[in-house]
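The figures that follow rest on heavy atoms only: side chains count, while hydrogens, waters and symmetry mates do not. What you see is a predicted model, and the numbers here were worked out from it, not measured in a lab.
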Amino acid sequence: MKYKLFMSDFDGTLKCPTADAVSEKNLQAIARYRAAGGTFVVCTGRMLSSILPVLRGLGVSEGLVSAYQGATIADIATGKLLKDGAFEFDDALKTVRLLESLNQHVHVYTVDALYCNRDDEWLKGYEKVCGVKGTIRENLTCFIEETKLRVVKVLAIIDPADGETLRQKLTGLLGEKHYVTFSSPFMLEVTPACNTKGTAVKFLSDYYGVDLSEIAAIGDQLNDLPMLEVAGGKYTVADGDDRLKGFARVMPRCDEDAVAAAIEEILADK
């Protein structure tokens, strides 16, 4: 089989935002891929406490999962961390201070907790979708300073009309140590540049002893770009961000079982 490892984004790729669960067609395709000897890994921006119960509920009780945009990689069965990346303290503080100065709705993540500066309908919707609960701290900058918080990821819930302008502004102000991207049109995310979905691909390549050319990946948003740039097989969904379509093979829409389509193509090309 050409691609021995297949990595998939979760929301908007493996699971449709409007669906209650991953489709049966996608699950069956994943099972066939694994039965053929392939290794399947979900690579998501979600917290570990959000994605682990979902995977276990789908019957995926073994293997690895990558969370927080690739900063964290864990064993699904035990939750043990194999990769545990985070911001340097001053870089996290700089990021949150800047976002709060711009009057943004900000989420700050540690490896096992979520802190938010606003308790509003956006937060309630996020909590419902991800199955997590945020702790409100109205001034996150002061909270991080006082607690010396170890921050894994920072997220801002934004107006999509202002998204690209804000992304470019933050990229310029934060500098090359930071990676600023979108996980949805409403969600701007910041991680250390050394912790992206692309670095997760490289970690798993080393871990499993699989060459990058033997790894395939599929995603739908700009945060998936580093993963697709590194992987040998590059796939995206038809209803995803157009910036991924210039060099990735376009599969059907997410709600048309894009992951299954990519896997079936891989299995057919033995």
Side-chain angles (χ1 to χ4, degrees), residues 2-14 38-48 51 63-74 81-88 91-92 95 109 111 151-155 163-164 167-168 170-172 174-184 187-237 240-251 258-259 262 266:
K2 183 177 181 180
Y3 298 119
K4 299 177 181 178
L5 173 61
F6 188 95
M7 297 179 64
S8 175
D9 171 54
F10 189 73
D11 295 287
T13 303
L14 181 58
T39 299
F40 182 86
V41 177
V42 166
C43 188
T44 179
R46 287 197 186 201
M47 303 174 67
L48 275 177
I51 194 62
L64 304 182
V65 62
S66 175
Y68 296 112
Q69 307 293 6
T72 302
I73 294 176
L81 297 181
L82 283 74
K83 183 177 186 289
D84 184 18
F87 279 99
E88 294 181 13
D91 293 337
T95 301
Y109 301 82
V111 75
V151 177
V152 176
K153 187 184 83 166
V154 178
L155 178 150
E164 183 57 28
R167 187 186 73 83
Q168 292 184 21
L170 288 174
T171 298
L174 291 173
E176 62 183 14
K177 291 178 67 178
H178 298 72
Y179 180 65
V180 186
T181 189
F182 299 110
S183 58
S184 86
M187 295 181 183
L188 182 145
E189 306 210 8
V190 187
T191 60
C194 60
N195 288 321
T196 69
K197 291 191 178 188
T199 60
V201 176
K202 293 175 182 178
F203 180 94
L204 292 169
S205 171
D206 292 339
Y207 181 85
Y208 285 112
V210 176
D211 192 82
L212 292 173
S213 65
E214 299 175 308
I215 299 175
I218 184 169
D220 72 309
Q221 293 295 329
L222 194 62
N223 65 318
D224 297 311
L225 183 59
M227 177 171 69
L228 300 185
E229 287 177 331
V230 174
K234 311 170 192 297
Y235 297 89
T236 187
V237 300
D241 192 305
D242 288 341
R243 285 169 285 193
L244 274 61
K245 297 174 183 177
F247 64 96
R249 180 159 170 73
V250 181
M251 292 290 102
V259 170
I266 290 169

Inset, instruction - State, to 0.1 Å, how close Leu228 and Ala248 come at their nearest heavy-atom pair, and which atoms those are. - result: CD1-CB, 4.2 Å

Inset, instruction - Taking Thr95 for its side chain and Asp91 for its backbone only, find out whether a donor-acceptor pair lies under 3.5 Å. - result: yes

Inset, instruction - Look at the side chain of Thr181 and the backbone N and O of Asn223, then say whether any donor-acceptor pair between them is shorter than 3.5 Å. - result: yes

Legend entry - Criterion side chain to side chain donor-acceptor pair (under 3.5 Å) on Glu189 and Ser183, from CA distance to verdict: CA-CA 7 Å; Glu189 306 210 8; Ser183 58; 2.6 Å; yes

Inset, instruction - Check whether the side chains of Lys153 and Asn195 place a donor and an acceptor atom closer than 3.5 Å, and report yes or no. - result: no

Inset, instruction - State, with a plain yes or no, whether a side-chain heavy atom of Leu48 is found less than 4.5 Å away from one of Thr72. - result: yes

Inset, instruction - Please round to the nearest 0.5 Å and tell me the distance separating atom CE of Met227 and atom CG of Leu204. - result: 11.0 Å

Legend entry - Ile218 CD1 to Leu14 CG distance, which is reported to the nearest 0.5 Å: 9.0 Å

Inset, instruction - Check whether any side-chain heavy atom of Tyr207 lies under 4.5 Å from a side-chain heavy atom of Val41, and answer yes or no. - result: no

Legend entry - Closest contact, heavy atoms only, Val230 versus Leu212: CG1-CD2, 3.5 Å

Legend entry - Main-chain N/O of Ala193 paired to Thr196 side chain as donor or acceptor, under 3.5 Å: no

Legend entry - From Leu244 atom CG to Gln221 atom CD, the distance as rounded to the nearest 0.5 Å: 8.0 Å

Inset, instruction - Over all heavy atoms of both residues, which pair between Thr191 and Tyr68 is shortest? Give the atoms and the distance, please. - result: CG2-O, 4.4 Å

Inset, instruction - Taking the side chain as every heavy atom from C-beta outward, state whether Phe182 and Arg243 have any pair of such atoms under 4.5 Å apart. - result: yes

Legend entry - Main-chain N/O of Asp9 paired to Thr44 side chain as donor or acceptor, under 3.5 Å: no

Inset, instruction - Report yes if some heavy atom in the side chain of Ser66 is under 4.5 Å from a heavy atom in the side chain of Phe203; otherwise report no. - result: no

Inset, instruction - Check for a donor-acceptor pair, side chain of Lys197 on one end and backbone N or O of Asp224 on the other, with a separation under 3.5 Å. - result: no

Legend entry - Lys234 side chain vs Glu229 backbone, donor-acceptor pair below 3.5 Å: yes

Legend entry - Parallel, tilted or perpendicular: rings of Phe87 and His178 (30°, 60°): tilted

